[in-house]
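Bear in mind the structure is a predicted one, so any value in this text is a computation, not a measurement.
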Amino acid sequence: MKNDEIFSLSLDIGEAIIKCGGEVHRAEDTIKRINQSYGNRCNVFAIPSLIIAQSGKNIQLRKIEYEDIDLSELERLNELSRRLCSKHNEEINVTRNKLYPKTLKLFCVCTATAAFCLFFKGTIIDALFSAAIGIVITYAPYKKISFPLFSANLIDSFVAGVFANIPTLFGITVQPDKIIVGTIMLLVPGLTVVNAMRDLMNGDLVAGLFELFNAIISALGIALGVAGSILIFTKI
């Protein structure tokens, strides 16, 4: 492969790493190592929404539109970058090639929400409602619309809060607060906070602060959504 092709391919991998939930430092290091393996001197600057790289007269920018956390895909990309650094560049495919079946996603959503509900001292009935609401906010029709992160979390948490309080209107004995807590754990930006701390400790202050602020905005959206649903049901 030519140097320009290697340079472009390294950016494809770096972009995919960030999209899959990898930290910015890992993406920058991957791009640099791949190019250095082929004798290309490369300068890279990345934040969670943008990558700028320069090698000789070749300058490329990559705008990162979304993030979909997938740790198995991240592992595959790491292995792919190692193969490239070892100059095994045959059959390189950056495009995501592993999609989880819908049944597995449903199982994971139900298990996670129910387990968190039980962890926070909910009952079995609370856990079942939490699992059902988790499915609703994961596969609701409005999920097809690409909302900004704040709006998406605001809507999801509001819907979760409303559905958690509905059983009480029918005389079913549940603990809405436990159901809400179990459900919104799907929305909590835990990995974003971890990546922010790692980037800050690696000296990537801009990227770390960007991700930290992103996590704060996500948490604010969740809090406002839940507060709105609770406010509605206190008036009923």
Side-chain angles (χ1 to χ4, degrees), residues 1-56 58-102 104-105 108 138 143-144 146-149 152 186 189-204 206-215 218:
M1 299 177 71
K2 297 180 181 179
N3 286 351
D4 288 347
E5 293 176 334
I6 291 294
F7 178 63
S8 181
L9 184 58
S10 68
L11 261 69
D12 290 340
I13 294 175
E15 179 184 358
I17 285 174
I18 295 178
K19 283 183 177 180
C20 290
E23 62 271 22
V24 167
H25 177 76
R26 182 190 302 229
E28 288 182 339
D29 188 58
T30 297
I31 295 171
K32 288 179 182 178
R33 285 177 181 272
I34 291 174
N35 282 279
Q36 287 173 358
S37 298
Y38 289 84
N40 297 342
R41 184 176 179 182
C42 180
N43 297 304
V44 187
F45 173 77
I47 57 175
S49 62
L50 181 69
I51 297 177
I52 304 174
Q54 174 265 331
S55 178
N58 194 348
I59 300 175
Q60 292 193 27
L61 286 78
R62 299 293 174 89
K63 181 73 169 66
I64 301 171
E65 299 289 347
Y66 64 92
E67 181 177 308
D68 184 17
I69 295 172
D70 188 336
L71 298 184
S72 67
E73 180 66 12
L74 186 59
E75 182 182 4
R76 187 185 74 87
L77 292 168
N78 287 336
E79 179 61 28
L80 196 64
S81 64
R82 293 188 188 99
R83 285 175 53 201
L84 272 173
C85 288
S86 300
K87 300 188 178 181
H88 298 300
N89 53 21
E90 68 287 349
E91 298 181 4
I92 296 297
N93 178 24
V94 181
T95 305
R96 184 174 300 187
N97 59 7
K98 182 180 180 181
L99 298 176
Y100 295 106
K102 190 174 182 178
L104 179 59
K105 290 182 179 180
C108 291
T138 303
K143 300 295 285 186
K144 297 178 181 179
S146 297
F147 289 108
L149 181 62
L186 292 176
L191 186 60
T192 303
V193 175
V194 172
N195 285 345
M197 293 298 102
R198 291 186 66 174
D199 284 328
L200 286 171
M201 288 187 286
N202 283 324
D204 294 318
V206 175
L209 291 174
F210 185 102
E211 290 174 312
L212 190 59
F213 186 74
N214 201 14
S218 298

Taking salt bridge (Lys or Arg N to Asp or Glu O under 4.0 Å) as the cut-off, I'd like each qualifying pair that reaches into residues 32-51, sequence neighbours left out, listed once.
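Pairs touching residues 32-51 that pass the test: Asp29-Arg33.
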Salt bridge (Lys or Arg N to Asp or Glu O under 4.0 Å) pairs, two or more places apart, involving residues 6-18:
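Sorted pair list: Asp12-Arg62, Glu15-Lys19, Glu15-Arg62.
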Should we count CD of Glu75 as having more than 12 external heavy atoms under 6.0 Å?
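Open: at most 12 neighbouring heavy atoms sit under 6.0 Å from CD of Glu75.
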Hey, is CZ on Phe213 packed in by over 12 heavy atoms from elsewhere, all under 6.0 Å?
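It does not: Phe213 CZ has 12 such atoms or fewer within range.
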Distance from [X] atom [atom1] to [Y] atom [atom2], nearest 0.5 Å?
X: Leu149; Y: Ser218; atom1: CG; atom2: OG; result: 3.5 Å
X: Thr138; Y: Leu186; atom1: OG1; atom2: CG; result: 5.5 Å
X: Ile18; Y: Ile64; atom1: CD1; atom2: CD1; result: 3.5 Å
X: Ile6; Y: Tyr38; atom1: CD1; atom2: OH; result: 4.0 Å

Could you pull out the closest heavy-atom pair between [X] and [Y], with the gap in Å?
X: Ile51; Y: Gly14; answer: CD1-C, 3.8 Å
X: Ala207; Y: Asp199; answer: CB-OD2, 4.3 Å
X: Cys42; Y: Phe7; answer: SG-CE1, 3.8 Å
X: Asn195; Y: Gly21; answer: ND2-O, 2.7 Å
X: Ser49; Y: Lys63; answer: O-CD, 3.6 Å
X: His25; Y: Asp204; answer: CB-OD2, 3.3 Å

Asn35 and Ser10: side-chain donor and acceptor closer than 3.5 Å?
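The answer is yes; a qualifying pair exists.
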Taking it one step at a time, do Ser37 and Leu84 satisfy side-chain contact (heavy atoms from CB on, under 4.5 Å)?
CA-CA 8 Å; Ser37 298; Leu84 272 173; over 6 Å; no
Set of salt bridge (charged side-chain N to carboxylate O under 4.0 Å, His left out) partners for Glu23, sequence neighbours left out
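For Glu23 the salt bridge (charged side-chain N to carboxylate O under 4.0 Å, His left out) partners, ignoring immediate neighbours, are Arg26, Arg198.
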Pair Cys20, Leu77 - check side-chain contact (heavy atoms from CB on, under 4.5 Å), show working.
CA-CA 9 Å; Cys20 290; Leu77 292 168; 4.1 Å; yes
Could you go through Ser55 and Asn40, starting from their C-alpha distance and side-chain angles, then the distance that decides it, and tell me whether this counts as side-chain hydrogen bond (donor to acceptor under 3.5 Å, both in side chains)?
CA-CA 7 Å; Ser55 178; Asn40 297 342; 4.6 Å; no
Trace of the side-chain contact (heavy atoms from CB on, under 4.5 Å) decision for Ile17 with Leu74:
CA-CA 6 Å; Ile17 285 174; Leu74 186 59; 3.7 Å; yes
Is any side-chain heavy atom of Ile47 less than 4.5 Å from a side-chain heavy atom of Glu211?
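No, side chains not in contact.
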Electrostatic pair Glu73:Arg76 at N-O distance under 4.0 angstrom
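Yes, charged N to carboxylate O under 4.0 Å.
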